[in-house]
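No experiment lies behind these values; they were computed from the predicted model shown. Counting starts at 1 for both ligands and their atoms, following the listed order.
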Amino acid sequence: MFTPGLLKDRRILVTGGGTGLGRSMGQRFLELGAELVICGRREEVLRETAAALSAATGGKVETQACDIRDSGAVEAMVESIWATRPLDALVNNAAGNFIARSEELSPRAVDAVVNIVLHGSAYATLACGRRWLKEKRPASVLSIITTYAWTGSAYVVPSAMAKAGVLAMTRSLAVEWGGRGVRLNAIAPGPFPTPGAWERLVPRPELAQEFETKNPLGRVGRHGELADLASFLLSDGAGYINGEVVTIDGGEWLQGAGQFNFLGRMMTEADWDALKPKKRG
Ligand code: HXC
Ligand code: NAP
């Protein structure tokens with residue numbers, strides 16, 4: 001759907017790019033001509049992904065083992081990336097999450113999620129942003145959030161709090177930095193199956209069925225659909241989109257929100273017929 005060189009020579013850092021959606025986005029960026037840097041905590045996972053992506057696309061992939069909860073480690077990573085060549089874009093994709101009853105969360109459990117999602121995204125964004133502003137380099141930040149950033153959600157409360165914070169960061173910096181050439185946007189995906197998310201969020205097969213089909217389209221998202229959206233938002237074609245969050249969930253959150261949406265499941269043909277006005281005379 002894009003011209004082959006859409007992201008030619010763009011240097012893009014994808015946090016958490018060794019697995020799942022980060023890896024799928026990275027692959028599409030490479031196919032569109034970008035140069036990729038992926039980071040995560042597990043060096044071996046990064047190495048395997050880099051080798052597979054380079055083999056599949058012929059593109060250049062650099063790996064950076066980094067725990068983004070550590071601001072010093074993030075600064076060192078970004079410094080070492082810049083030493084080779086500055087980035088043109090950052091994708092805040094790394095996350096931690098699990099389902100739990102909130103009253104049972106320990107302080108460390110709250111921190112485990114919030115420190116990755118909120119603090120890690122802030123450290124990476126600020127480390128890149130201050131360099132881009134100083135160099136007057138046009139650039140773009142894309143953060144992967146989720147729809148419960150604004151609806152909230154039971155049982156994933158630290159994640160909802162942290163994703164809401166990342167959305168606030170996106171909208172705030174879009175205004176503060178937009179006039180200086182740095183755009184910030186977010187994507188809010190619905191369910192896109194990945195081993196990392198499913199093993200932590202979907203404990204039983206019948207729950208998977210419910211989670212995967214409770215949207216008007218009755219299916220999960222395809223990784224390519226998300227990767228295409230991310231590519232567009234990073235491209236020059238999206239140059240006037242700033243401070244926006246684009247939802248890609250098949251209509252899932254709206255279905256949960258509309259007061260009468262449940263009628264589609266509950267009303268029979270006869271029920272609807274009985275409601276039609278009677279002909280007079
Ligand atoms: C309750 C839990 C828990 C659970 C961990 N903890 N898992 N508490 N229920 N299921 C608690 C631990 O007991 C500990 O607290 C604290 O959290 C830290 O645990 P560690 O295992 O030491 O943490 P760490 O090794 O840093 O791992 C972080 C993690 C882990 C977030 C817990 O799951 C992880 O590494 N995740 C990375 C990948 C990931 O989560 N991917 C899914 C993203 S999906 P105590 O007090 O006992 O010491 C996603 C989808 C969003 O975000 C939307 C879907 C539609
Ligand atoms: P995933 O495969 O588990 O991806 C999470 C990645 O983050 C992993 O590669 C992990 O690598 C990395 N990471 C975690 N903690 C880190 C840390 N402290 N420092 C550096 N990297 C860290 O899950 P996914 O499903 O692809 O999720 C990707 C993004 O999409 C997340 O932001 C998630 O919230 C969002 N999302 C997913 C869905 C979905 O349905 N899948 C829906 C909505 C939103 P290491 O463990 O090696 O560090």
Participant: Return the option from Thr15, Asn92, Leu21 holding the heavy atom at the smallest distance from atom 26 (O) of ligand 2.
Facilitator: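 Among Thr15, Asn92, Leu21, the closest heavy atom to atom 26 (O) of ligand 2 comes from Leu21.
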Participant: Among all protein heavy atoms, pick the one closest to atom 12 (C) of ligand 2 and tell me residue, atom and distance.
Facilitator: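 Ranking protein heavy atoms by distance from atom 12 (C) of ligand 2, first comes Gly16 CA, 3.6 Å.
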Participant: Does Leu201 have a heavy atom less than 4.0 Å from any atom of ligand 1?
Facilitator: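 It does, in that a heavy atom of Leu201 comes within the 4.0 Å cut-off of ligand 1.
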Participant: Quick one: does ligand 2 sit under 4.0 Å from the side chain of Tyr123, the backbone, both or neither, non-hydrogen atoms only?
Facilitator: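 The answer is neither.
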Participant: State whether any protein heavy atom lies less than 4.0 Å from atom 19 (O) of ligand 1.
Facilitator: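 Given the 4.0 Å limit, the answer for atom 19 (O) of ligand 1 is no, no protein heavy atom qualifies.
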Participant: Under 4.0 angstrom from ligand 2, any heavy atom of Pro193?
Facilitator: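 Outside the 4.0 Å threshold, so no.
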Participant: Which residue from Ala95, Ala65, Ala73, Gly96 reaches closest to atom 14 (C) of ligand 2 through any of its heavy atoms?
Facilitator: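 That would be Ala95.
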Participant: Would a search of protein heavy atoms around atom 29 (C) of ligand 1 find one under 4.0 Å away?
Facilitator: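 So far as the 4.0 Å threshold goes, atom 29 (C) of ligand 1 is out of reach of every protein heavy atom.
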Participant: Among the heavy atoms of Ser159, does any lie under 4.0 Å from an atom of ligand 1?
Facilitator: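 No, that is not the case, since the closest heavy atom of the residue is not under 4.0 Å from the ligand.
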Participant: Anything under 30° is parallel, anything over 60° is perpendicular, the rest tilted; go ahead and classify Phe211 against Trp198.
Facilitator: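 Rings of Phe211 and Trp198: tilted, as their planes differ by 30° to 60°.
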Participant: Enumerate the atoms of ligand 2 whose separation from the nearest heavy atom of Gly20 is less than 4.0 angstrom.
Facilitator: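 In order of number, 2 (O), 26 (O).
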Participant: Do the side chains of Val37 and Arg11 get nearer than 4.5 Å, heavy atoms only?
Facilitator: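 Counting from C-beta outward, Arg11 and Val37 do come under 4.5 Å.
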Participant: Regarding Ser231 and Arg28, do their side chains bring together a donor and an acceptor under 3.5 Å, going by distance alone?
Facilitator: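 Note: Ser231 and Arg28 side chains miss the donor-acceptor criterion.
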Participant: Mind checking whether Val74 and Trp82 sit in one hydrophobic cluster, side chains of I, L, V, M, F, W, Y counted as touching below 4.5 Å?
Facilitator: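 Yes, because Val74 and Trp82 connect within a single hydrophobic cluster, where side-chain heavy atoms sit under 4.5 Å apart.
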Participant: Name the closest protein heavy atom to atom 20 (C) of ligand 2, giving the residue it belongs to and the distance to 0.1 Å.
Facilitator: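 The closest one turns out to be Cys66 O, 3.2 Å.
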Participant: Find the distance between OG1 (Thr84) and NZ (Lys60) and round it off to the nearest 0.5 Å.
Facilitator: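 Spacing of OG1 (Thr84) from NZ (Lys60) equals 7.0 Å.
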Participant: Does Pro189 have a heavy atom less than 4.0 Å from any atom of ligand 2?
Facilitator: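 Right, Pro189 reaches ligand 2.
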Participant: Do Asn185 and Ser140 meet the criterion of a side-chain donor-acceptor pair at a distance under 3.5 Å?
Facilitator: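 On atom types as modelled, these side chains do not qualify, holding no pair under 3.5 Å.
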Participant: Would Arg41 count as being in polar contact with ligand 1, using the rule that some N or O on each side must be under 3.5 angstrom apart?
Facilitator: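 Yes, Arg41 has an N/O under 3.5 Å of an N/O on ligand 1.
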Participant: So is Asn97 polar-close to ligand 1, meaning N/O to N/O under 3.5 Å?
Facilitator: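 Asn97 vs ligand 1: N/O contact under 3.5 Å present.
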Participant: Between Asp249, Thr147, Asp67, Asn115, which one has a non-hydrogen atom sitting closest to atom 18 (N) of ligand 2?
Facilitator: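 Result: the heavy atom closest to atom 18 (N) of ligand 2 is in Asp67.
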Participant: Quick check on contacts: which atoms of ligand 2 are under 4.0 angstrom from a heavy atom of Trp198?
Facilitator: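 It comes down to these atoms of ligand 2: 40 (O).
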Participant: Centroid-to-centroid, Trp253 to Trp150, below 6.0 Å?
Facilitator: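 Aromatic pair counts; centres sit under 6.0 Å.
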Participant: How about atom 8 (N) of ligand 1: does it have a protein heavy atom within less than 4.0 Å?
Facilitator: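 There is a protein heavy atom less than 4.0 Å from atom 8 (N) of ligand 1.
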Participant: Tell me whether atom 12 (C) of ligand 1 lies less than 4.0 Å from at least one protein heavy-atom position.
Facilitator: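 No, no protein heavy atom sits under 4.0 Å from atom 12 (C) of ligand 1.
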Participant: Looking only at protein heavy atoms, identify the closest one to atom 34 (O) of ligand 2 and say how far it is in Å.
Facilitator: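 Of the protein heavy atoms, Lys163 NZ, 2.8 Å lies nearest.
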Participant: Would you check if there is a donor-acceptor pair between the side chains of Thr63 and Glu43 at a distance under 3.5 Å?
Facilitator: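 Judged by distance alone, the side chains do not pair up.
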Participant: Would you say ligand 1 has an N or O under 3.5 Å from any N or O of Arg108?
Facilitator: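 The answer is yes, given that Arg108 and ligand 1 share an N or O pair closer than 3.5 Å.
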Participant: Around atom 21 (N) of ligand 2, find the nearest protein heavy atom and jot down its residue, atom name and distance.
Facilitator: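 Here the closest protein heavy atom is Gly40 CA, 3.5 Å.
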Participant: Out of Thr194, Ile144, Ile145, Val156, whose heavy atom is nearest to atom 44 (C) of ligand 2?
Facilitator: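 Among Thr194, Ile144, Ile145, Val156, the closest heavy atom to atom 44 (C) of ligand 2 comes from Ile145.
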Participant: Under 4.0 angstrom from atom 48 (O) of ligand 1, is there any protein heavy atom?
Facilitator: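 Within 4.0 Å of atom 48 (O) of ligand 1, protein heavy atoms are found.
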Participant: What is the closest protein heavy atom to atom 19 (N) of ligand 2, and at what distance does it sit?
Facilitator: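 The closest heavy atom on the protein side is Ile68 N, 3.0 Å.
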Participant: For atom 26 (O) of ligand 1, which candidate among Glu199, Arg69, Arg42 provides the closest heavy atom?
Facilitator: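 Closest candidate by heavy-atom distance is Arg69.
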Participant: Checking side-chain contact (heavy atoms from CB on, under 4.5 Å) against Leu90, which of Val182, Val78, Thr15 comes through?
Facilitator: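 Single side-chain contact (heavy atoms from CB on, under 4.5 Å) partner of Leu90 among Val182, Val78, Thr15: Thr15.
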Participant: Check each of Leu226, Asn93, Val166 against atom 28 (C) of ligand 2 and report the one with the nearest heavy atom.
Facilitator: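 The residue whose heavy atom sits nearest atom 28 (C) of ligand 2 is Asn93.
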Participant: Run the numbers for me: atoms of ligand 2, each under 4.0 Å from some heavy atom of Ala94, listed by number.
Facilitator: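 So the atoms of ligand 2 that pass are 7 (O), 12 (C), 13 (N), 21 (N), 22 (C).
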Participant: Can you pull out the closest protein heavy atom to atom 41 (N) of ligand 2? Residue, atom name and distance to 0.1 Å, please.
Facilitator: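 Scanning the protein heavy atoms, the shortest distance from atom 41 (N) of ligand 2 goes to Phe192 O, 2.9 Å.
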Participant: Are any of the heavy atoms in Arg23 under 4.0 Å away from ligand 2?
Facilitator: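 Arg23 does not count as a contact of ligand 2 under the 4.0 Å cut-off.
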Participant: What residue and atom, counting heavy atoms only, is the protein's closest point to atom 3 (O) of ligand 2, and at what distance?
Facilitator: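 Closest protein heavy atom to atom 3 (O) of ligand 2: Gly196 CA, 3.4 Å.
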Participant: Cluster question for you: counting only ILVMFWY and a side-chain heavy-atom cut-off of under 4.5 Å, with indirect links fine, are Val141 and Leu234 together?
Facilitator: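 Shared cluster, no.
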Participant: Can a non-hydrogen atom of Ile116 be found less than 4.0 Å from any atom of ligand 2?
Facilitator: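 Contact present.
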Participant: Judged on heavy-atom distance to atom 15 (N) of ligand 2, which of Arg41, Arg42, Arg200 sits nearest?
Facilitator: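 That would be Arg41.
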Participant: How far is atom 9 (O) of ligand 2 from its nearest protein heavy atom, and which residue and atom is that?
Facilitator: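 Of every protein heavy atom, Thr19 OG1, 2.7 Å lies nearest to atom 9 (O) of ligand 2.
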Participant: Please check whether Tyr148 reaches ligand 1 - meaning an N/O of the residue sits under 3.5 Å from an N/O of the ligand, judged on distance alone.
Facilitator: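 Tyr148 vs ligand 1: no N/O contact under 3.5 Å.
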Participant: Would you call the rings of Phe260 and Phe262 parallel, tilted or perpendicular, taking 30° and 60° as the class edges?
Facilitator: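 Phe260 and Phe262: parallel rings.
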